[in-house]
Number of protein chains: 2
Amino acid sequence: MGWTERVVAHLADEGHRLTGPRRAILDYILRYSVPFTSEELIADLQKAGVHVGRATVYRTLELLHNYQWLSLVHRPEGEHGYVVAEPGHQHHLVCRRCGMVTAFQGCEIESLLGGLAERLNFRIEGHWLEAFGVCRGCQRANNERV
Amino acid sequence: MGWTERVVAHLADEGHRLTGPRRAILDYILRYSVPFTSEELIADLQKAGVHVGRATVYRTLELLHNYQWLSLVHRPEGEHGYVVAEPGHQHHLVCRRCGMVTAFQGCEIESLLGGLAERLNFRIEGHWLEAFGVCRGCQRANNERV
DNA sequence: AGTGTAGTGATACAAAATATCAAAAAGATT
DNA sequence: AATCTTTTTGATATTTTGTATCACTACACT
Ligand SMILES: [Zn+2]
Ligand SMILES: [Zn+2]
Ligand SMILES: [Zn+2]
Ligand SMILES: [Zn+2]
């Protein structure tokens, strides 16, 4: 069962309708290998001849983001982009060259922040972590060029 | 030597001119106790009767951000806001109630990410970490109310 | 098939950010 | 201190991004 099917099932569970536009957006999203913005998706859908209203794109992405089927990451240029995700605590490695994103779980940061929080009397409820670097493919490409 | 003086000295070093508008913005920035956006600063300067063009505010904030004299953090409502910072590796605790930001250094995350990077063949060059929670003051205020 | 309601999208609108470019002002030079 | 060179500024126009409205559509359920 792939991402789309899980999303569809979950949305149904939550009482949302499976509409044509939502289906089209879900399908299109999977074609991205790098984070995308709402505006980019709108433009790409249009180019591809898929007719979906601007407001619907914004609404659908927000819906998916609320359920954590999409995550936001910082792209190399600075703005936020969406990437497909699975619900739950997750972090990302973002390639500065090609923009590719790799998700990873297993986070030991809570314990790391624990001592700090105690010292500062700050009650920590969550965190956002994202790492930047160069992915395997881009390292190789670079070596070949040199 | 305070933040402003360090910034002024650094900008001079880098060959930038110390203009009236820049001075005004630097002075005003220090009055914020929570992260602020470009638009907020523009509005506040106007209210305060300080006349600085909109474009200049955007340009100056970007300049300071490039030199890391300002950091961007996610505010409780979701958007990005600027906070004064010192160049170098730094992270922030952001209070979800009042928006107050506490910076901290001493970061052991590199080592934590090291093993992961090796497994994934990803060369990590940096990271962004930000923690959310409730600051000391807001915890106390809440207790009193309950 | 009929019904109630979530969802859609054209349009208008608002907000945020950038581009342009003549005029102003820093700082160097004399 | 007057001049010159170059950065910087800011009014304005424009683009980009995101939201509000609301009549209409079509999904889900009986
Ligand atoms: Zn890459
Ligand atoms: Zn984590
Ligand atoms: Zn607080
Ligand atoms: Zn760190």
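Just so it is clear, the values below take in all heavy atoms, side chains as well, and ignore hydrogens, waters and symmetry mates. Sequence lines set the chain letters: A, B, ... in the order given, protein chains first and strands last, and positions in each chain run from 1.
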Does B/R123 pair with B/E118 as a salt bridge, N-O distance under 4.0 Å? no
Main chain of A/A85, side chain of A/W3: is a donor-acceptor contact present, judged purely on distance under 3.5 Å? yes
Are the side chain of A/T60 and the backbone N or O of A/T56 linked by a donor-acceptor pair below 3.5 Å? yes
So, A/H127 versus B/H91: side-chain donor-acceptor pair below 3.5 Å or not? no
Answer with yes or no whether the side chains of A/H80 and B/H80 bring together a donor and an acceptor at under 3.5 Å. yes
Just to be sure I understand the rule, does A/R54 reach a base, reach only the sugar-phosphate, or reach nothing, if contact means heavy atoms closer than 4.0 Å? base
Residue whose closest nucleotide on DNA chain D lies nearer the 5' end, A/R59 versus B/T56: B/T56
Contact nearer the 5' end of DNA chain C, comparing B/E39 with B/L18: B/E39
Which residue lies toward the 5' end of DNA chain C, B/A55 or B/G20, if each is placed at its nearest nucleotide? B/A55
Measuring from A/E130:CD to A/L93:CG, what's the distance to the nearest 0.5 Å? 9.0 Å
Between the two end axes of the helix from C/dA1-D/dT30 to C/dT30-D/dA1, each built from 5 base pairs, what angle do you get to the nearest 10°? 40°
Nucleotide range of DNA chain D lying under 4.0 Å from chain B heavy atoms: D/dT6 to D/dA11
Range on DNA chain C touched by chain B - first to last nucleotide, heavy-atom distance under 4.0 Å: C/dA16 to C/dG27
